[in-house]
Amino acid sequence: MSLSTKPLSGMRQRLPGEFRIEKFVTETLCLSSVRAGFEEYDGPVIEPLGLFAAKSGSELVGRQSYCFKDRGGREVILRPEMTPSLARMVAAQGELQLPVRWFSTPLCYRYERPQRGRVREFLQFNLDILGSENLAAELEVILVLQGIMKSFKAPSSIYRIGWSSRRFMSDALARCGVTKELTGGVFSAIDKRDKMKADAWADFLLGACGGNSVVARQVISLVSVEFLSDPWLMDLMSGSSAFQEVVEFNELLQGVGIPSAVFSPGVVRGLDYYTGIVFELMDTGGENNRSLCGGGRYDNLVGLFGNKKISGVGFGLGVLTLTLFLETYKLIPDSVREAAPADVYIAVASSDATAAAGLLAASIRDEGIRVMMDVSGKKLGKQFSEASRYGIPFVVTVGPDEVETGEYKMKNLSDGKIFTGSLAEITGRLK
RNA sequence: GUGGGUGUAGUUCAGUUGGUAGAGCCCCUGAUUGUGGUUCAGGUGGUCGCCGGUUCAAGCCCGGUCACCCACCCCA
């Protein structure tokens, strides 16, 4: 009985070609963050279960987590997300200069059935600002998000940043006549609106509203609102500070001019800890059905660790979902997809020249040039094939003749021309 | 956890009413013994996912099982 050649279901395994693409994506994310003054951090993969039990949501922790007892009998969990760890790190710092602007690309784990864009071990880019209650913080993270999309050269027509506010929606639902007990159910009903047929959804919502059709009609009006200046909405929300905040944030977005950001009362977000403005990033085409990114303001997370009240705002972005999005719109550059592993290949004409070839390889490498030396021992033609397959542009041949004369032949594989020269002349050419 | 689909060469797939397993690509060898790509000639490679049943005979029919994919739930 031999071992399986497959990794555990949903676990991450990357061949060099795939890894190169993933690396391109994460490095671009990193660059966009650094450009906005954010600093990178990291946290533990294994956390105490209690860290997530409090605020992340029962579904996430109860059914979709890798949790177990360690050898010390502690209930532990492979982190399903990063934000609670971040909140703890910030809470533990006595004299941290606030606000902090941090980002990270942690591996996270969720025990769910794998499907397109969803696996069990995944990279989730996180970017947060903690310690600012100013709406400028929301604006800043959305600006970074937009900057990320720009740096991938994604035109604003192919994605949409839908945003709303938890506080506003709770207030609005109350004013529509939804009781406190029913609010949660109505929220999740709203979340499902785009996934159901209109009639079926209306029935579903009616159920969530406790069968009260007057209330249900009000809720339908609410989520159908497209503009904040809607007279019905302004009448409903008169005197609401949450509504005022939404209007204010909308003005900020208008002022900056972010065409892809759209007020969408239907955006609710799943995680329990969000309190204020929430947003998500969606593909406007039908290819990638799930949100690529979700985020918002969370006011009470740091408070779990003591008396400090530090408000945060940030988002999580799935590296895999983003990569699928980029693939769909052909936004992964060919230079990344087809990158050669070396600048020059050293072909060894006969085995007695191996030491000389090694010496040559080392001295060219010292100049910062990427050199792949043949280790196959195959005949010369095969070595050229190998270089060609790798996409390496130059081949230098080393054999008894070269060892004797110190003159090397370098072939340019794209035009077939051969250059002859000393080691210094060869490296000069390659630089 | 629920529903649907697919399992045949390294890979993508074809395989007729049940009759001894096929193609493209890849890979290997040679034409070219110190120079790749193109071309040409040849070649390797299969427990048809697994177990059982029906049959003279099963890749094909039936039952079970496992794996993967897709959708739902949830979420990045």
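Since this is a predicted model, take the numbers as computed values, not measurements. Proteins get letters first, then strands, A, B, ... in listed order; numbering begins at 1 in each.
At a cut-off of 3.5 Å, with distance as the only test, a side-chain donor of A:R297 or A:S311 sits close to an acceptor on the other residue. Under 3.5 Å, the side chains of A:E47 and A:S85 contain a donor-acceptor pair of N or O atoms. There is no side-chain donor-acceptor pair under 3.5 Å between A:S132 and A:N134. Between the side chains of A:Y329 and A:D283, at least one donor-acceptor pair of N or O atoms lies under 3.5 Å.
Ring to ring, A:W163 and A:F263 are close: their centroids are under 6.0 angstrom apart. Centroid-to-centroid, the aromatic rings of A:Y111 and A:Y66 come within less than 6.0 Å.
The stretch residues 412-431 of chain A participates, sequence neighbours left out, in no ring pair (Phe, Tyr, Trp, His ring centres under 6.0 Å) pair at all.
Using a 4.0 Å cut-off, no side-chain N or O of A:Q64 falls inside it from OP1 or OP2 of B:C74. At the phosphate of B:U35, neither OP1 nor OP2 sits under 4.0 Å from any side-chain N or O atom of A:K382. The shortest distance between the side-chain N/O atoms of A:K192 and the OP1/OP2 oxygens of B:C74 is below 4.0 Å.
Comparing A:G399 and A:K378 by the nucleotide of RNA chain B that holds the closest heavy atom to each, the one mapping nearer the 5' end is A:K378.
Relative ring orientation between A:Y274 and A:Y298 is described as tilted, the plane-to-plane angle lying within the 30° to 60° band.
Contact annotation: the side chain of A:Y273 never approaches that of A:N300 to less than 4.5 Å [non-hydrogen atoms, C-beta and beyond]. A:V25 places a side-chain heavy atom less than 4.5 Å from the side chain of A:L326.
Across every non-hydrogen atom of A:S104 and A:M82, the tightest pair is OG-CE, 3.7 Å.
Looking at heavy-atom distances under 4.0 Å, A:L322 makes no contact with the nucleic acid at all. The residue A:P106 sits apart from the nucleic acid: no heavy atom pair falls under 4.0 Å. Here A:R290 lies in heavy-atom contact (under 4.0 Å) with a base. At a threshold of 4.0 angstrom between heavy atoms, the contacts of A:G381 are confined to the sugar-phosphate backbone, with no base atom among them.
Separation of the P atoms belonging to B:G15 and B:A67 is 28 Å when rounded to the nearest angstrom. Look at the C1' atom in both B:A9 and B:C26: the space between them is 11 Å, to the nearest Å. Separation of the P atoms belonging to B:G18 and B:C60 is 11 Å when rounded to the nearest angstrom. The separation of B:C70 from B:U38, taken at their C1' atoms, amounts to 41 Å, rounded to a whole angstrom. B:U39 and B:A58 have their P atoms separated by 43 Å, with the value rounded to a whole Å. Straight-line distance between the C1' atoms of B:G22 and B:C74: roughly 45 Å, to the nearest whole Å.
Taking a 4.0 Å limit (strictly below) on heavy-atom distances, residues 384-398 of chain A reaches RNA chain B at A:F384, A:S385, A:S388, A:R389, A:T397. Taking a 4.0 Å limit (strictly below) on heavy-atom distances, residues 5-24 of chain A reaches RNA chain B at A:K6, A:S9.
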Between protein and nucleotides 2-12 of chain B, map the contacts as a letter string: B base, S sugar-phosphate only, - none, heavy atoms under 4.0 Å, written 5' to 3'. BB---------
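A salt bridge between A:R101 and A:E39 is absent, with no side-chain N of the basic residue lying under 4.0 Å from a carboxylate O of the acidic one.
Atoms CE (A:M410) and C1' (B:G36) sit 16 Å apart, rounded to a whole Å. Residue A:Q383 contributes atom CD, which lies 15 Å from atom C1' of B:U32 at whole-angstrom precision. Counting to the nearest Å, the P atom of B:A76 and the CD atom of A:E112 are 10 Å from each other. In this entry the distance linking CD of A:E81 with C1' of B:C74 reads 13 Å, nearest Å. Atom CZ of A:F52 and atom C1' of B:C74 are 16 Å apart (whole Å). Taking atom NZ of A:K379 as the reference point, atom C1' of B:G34 lies 11 Å away to the nearest angstrom. To the nearest angstrom, P of B:A76 lies 8 Å from CZ of A:F122. The CG atom of A:D191 sits 10 Å away from the P atom of B:A76 (whole-angstrom rounding).
A:L135 pairs with exactly one of A:L253, A:V246, A:V313, A:L252 by the side-chain contact (heavy atoms from CB on, under 4.5 Å) rule, that one being A:L252.
In this structure, A:F125 forms no aromatic stack with the base of B:A76, since the conditions of centre separation below 5.5 Å and plane angle below 30° are not both met.
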As a check on the pairing definition, encode RNA chain B in dot-bracket form, counting Watson-Crick and G-U wobble pairs whose two distances are under 3.5 Å, and using | for partners outside this strand. (((((((..((((.....[..)))).(((((.......))))).....(((((..]....))))))))))))....
Below 3.5 Å, can you tabulate the donor-acceptor pairs from side chains in residues 114-126 of chain A to any protein atom, sequence neighbours excluded?
residue : atom : partner : partner atom : Å
A:Q115  : OE1  : A:R290  : NH1          : 3.3
A:R116  : NH2  : A:N288  : OD1          : 2.9
A:R120  : NE   : A:E112  : O            : 2.8
A:E121  : OE1  : A:R12   : N            : 2.7
A:E121  : OE2  : A:Y109  : OH           : 2.8
A:Q124  : OE1  : A:N126  : ND2          : 3.1
A:N126  : ND2  : A:Q124  : O            : 2.7

